[in-house]
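What follows is a short report on a single structure.
All ligand and atom numbering here is 1-based and tracks the order in the structure.
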Amino acid sequence: MENKMINVGVIGVGYWGGNLVRVFLSTGRSNVKYVSDLHEKNLNKIRMAYPDMIITKNYADILKDKQIDLVCIATPPESHFEIAKKCILAKKNILIEKPMTKTVKEGKVLIGLARKNKVQIFVDHTFVFSATVRKLKSIIDEGKIGGLLYFDSERINLGLLQKDVNVIWDLAPHDFSIFNYLFPKLNPESVQVFASKHKHPYLEDIAHIMIRYKNDFIMHIHVSWLSPVKIRKIIISGDKGMVWYDDIHPFEKIKIYDKGVHVNFNKETAFFPIYRDGDIITPKLNNYEPLNLEANHIIDCLHGSDNPVVDGNEGLKVVQLLEACDKAVSLKREVRWKGIFN
Ligand SMILES: NC(=O)c1ccc[n+]([C@@H]2O[C@H](COP(=O)([O-])OP(=O)(O)OC[C@H]3O[C@@H](n4cnc5c(N)ncnc54)[C@H](O)[C@@H]3O)[C@@H](O)[C@H]2O)c1
């Protein structure tokens with residue numbers, strides 16, 4: 001496949017699939033040959049924008065075409081497994097939307113089938129390709145915040161209530177994928193979730209997820225479809241510094257705080273905390289579309305010149321965390337593992 005144009009088919013062109021079509025075309029290194037959707041309205045949008053594209057309601061047409069190198073699956077999560085399985089059996093590389101599958105078992109089946117059929121799985125954890133998350137990673141890897149204390153995320157807004165997944169499955173994959181990218185060696189040891197159903201008839205619409213790692217490093221994620229304001233913020237705290245990430249802010253998305261507290265305490269002396277309140281640095285961020293970097297990275301992987309940053313195993317880790325949350329929700333208590341990713 002050395003440096004040839006990559007031929008792409010996109011299954012599902014609702015809200016997100018249209019972005020995949022646009023971005024793969026914009027790379028100039030791939031050609032979106034087919035688009036498939038069940039709804040005439042969505043297909044018409046594609047017909048109007050890209051008159052040369054082959055449009056089909058039956059995605060099997062894409063799989064029959066030997067020229068297709070990559071199939072993007074941007075359908076609702078409940079259909080990911082069946083469609084992905086057929087693509088892999090037709091020996092197509094796939095880019096599958098988050099969450100990769102609805103169960104760990106399905107995720108493992110796809111990984112096994114991909115290995116057998118010698119195709120690659122890419123999972124669309126878009127944030128991992130953003131300039132902000134890349135910057136956070138370099139800040140952490142360079143030791144600027146020191147030993148880890150906590151990761152605290154808020155991802156809340158009004159809606160969009162989903163039909164087939166609760167708010168955890170809808171929004172938390174973003175935080176889980178960011179966390180796993182920043183801290184690839186960490187293996188979660190327990191999960192506790194406080195969740196409730198207020199407006200959705202049968203799925204949780206608010207949740208607080210708490211995940212514990214070794215050395216008492218805690219991840220807390222608040223996800224909600226019932227917030228009057230849209231908030232997308234993460235604080236990562238270490239013993240040398242703290243980082244604030246506000247994805248809504250137009251330009252100051254990351255701030256590094258030289259703040260902290262040191263407590264001198266022994267039985268003879270009084271309790272004596274010393275606070276550090278130093279500079280705040282706002283690093284400059286590169287300006288690019290994460291999906292564009294991701295599409296180019298996938299093309300590089302298909303040409304054999306790079307290895308996937310988010311492969312099936314990374315997709316599976318997110319599903320393992322989501323399944324662990326389901327268990328904690330249904331048991332209404334903290335659930336412990338020796339390590340969820342074992
Ligand atoms: N990476 C991201 O940041 C991001 C953002 C939004 C959504 N997503 C993911 O993208 C996926 C789609 O979400 P959406 O918001 O675009 O949903 P959507 O409902 O707007 O679009 C899904 C489309 O898939 C089509 N579809 C369903 N079954 C099909 C089939 N068998 N063949 C062909 N088309 C079929 C539907 O007709 C619909 O148009 C989900 O997995 C979601 O989690 C990812």
Side-chain angles (χ1 to χ4, degrees), residues 8-24 32 34-47 49 53-64 68 71-87 90 92 94-103 106-107 110 121-133 153 155 157 159-178 180-181 203 223 225 230 232 247-248 289-295 297-298 309-310 314-315 318-319 321-322:
V8 181
V10 177
I11 305 176
V13 280
Y15 160 57
W16 196 249
N19 288 331
L20 296 175
V21 173
R22 174 181 56 76
V23 162
F24 272 100
V32 181
Y34 290 86
V35 156
S36 174
D37 201 287
L38 301 176
H39 291 302
E40 200 55 42
K41 191 176 84 170
N42 291 340
L43 292 176
N44 271 338
K45 271 195 258 168
I46 299 291
R47 270 191 200 101
M53 235 168 246
I54 304 173
I55 304 289
T56 173
K57 281 195 176 165
N58 182 3
Y59 70 82
D61 294 340
I62 306 177
L63 308 191
K64 280 186 225 145
I68 292 294
V71 180
C72 304
I73 303 165
T75 57
E78 63 194 356
S79 57
H80 287 180
F81 175 66
E82 279 311 315
I83 297 178
K85 195 166 86 177
K86 287 187 181 140
C87 292
K92 303 299 181 197
I94 57 170
L95 168 62
I96 186 165
E97 269 314 319
K98 61 87 196 160
M100 175 167 84
T101 51
K102 287 203 70 182
T103 67
E106 290 174 347
L110 292 186
I121 299 179
F122 305 94
V123 184
D124 185 10
H125 293 168
T126 320
F127 275 103
V128 162
F129 295 88
S130 67
T132 41
V133 173
S153 173
R155 195 172 292 281
N157 43 262
L160 300 171
L161 276 73
Q162 304 289 313
K163 187 170 60 103
D164 62 335
V165 289
N166 68 11
V167 70
I168 301 174
W169 282 76
D170 184 34
L171 297 180
H174 294 307
D175 297 293
F176 291 158
S177 63
I178 292 170
N180 291 340
Y181 176 69
L203 293 170
V223 282
W225 286 326
K230 180 168 176 171
R232 297 281 185 272
D247 202 44
I248 306 288
E289 185 179 6
L291 209 47
N292 187 280
L293 181 69
E294 185 177 352
H297 163 71
I298 290 170
V309 173
V310 188
E314 284 304 313
V318 168
V319 181
L321 285 168
L322 293 166

Per-residue contact class, [X] against ligand 1 - non-hydrogen pairs under 4.0 Å:
X      : answer
Leu38  : both
Lys98  : both
His174 : side chain
Asn42  : side chain

Checklist entry - Hey, is atom 24 (O) of ligand 1 under 4.0 Å from any protein heavy atom? => result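 Within 4.0 Å of atom 24 (O) of ligand 1, protein heavy atoms are found.
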Checklist entry - Mind checking whether Asp37 and Lys57 have side chains closer than 4.5 Å, heavy atoms only? => result no
Next on the checklist: Regarding Glu314 and Lys98, does a basic nitrogen lie under 4.0 Å from an acidic carboxylate oxygen?
Outcome noted: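 No, no charged N to carboxylate O under 4.0 Å.
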Next on the checklist: For Arg22, is there an ion pair with Glu289 - N to carboxylate O distance below 4.0 angstrom?
Outcome noted: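 So Glu289 pairs with Arg22 through a salt bridge.
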Item to check | Any His80 heavy atom less than 4.0 Å to ligand 1 | outcome: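 Per 4.0 Å heavy-atom rule, His80 contacts ligand 1.
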Checklist outcome for this item: Nearest heavy-atom contact between Asp175 and Arg155 is OD2-NE, 2.8 Å
Item to check | Nearest neighbour in protein (non-hydrogen) for atom 12 (C) of ligand 1 | outcome: Ala74 O, 3.3 Å
Item to check | Ring-ring centroid check Tyr181 His125, cutoff 6.0 Å | outcome: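 No - the distance between ring centres of Tyr181 and His125 does not fall below the 6.0 Å cut-off.
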Next on the checklist: For Phe127 and His174, take the angle between the two ring planes, folded into 0 to 90°, and tell me which bin it lands in: parallel under 30, tilted 30 to 60, perpendicular over 60.
Outcome noted: perpendicular
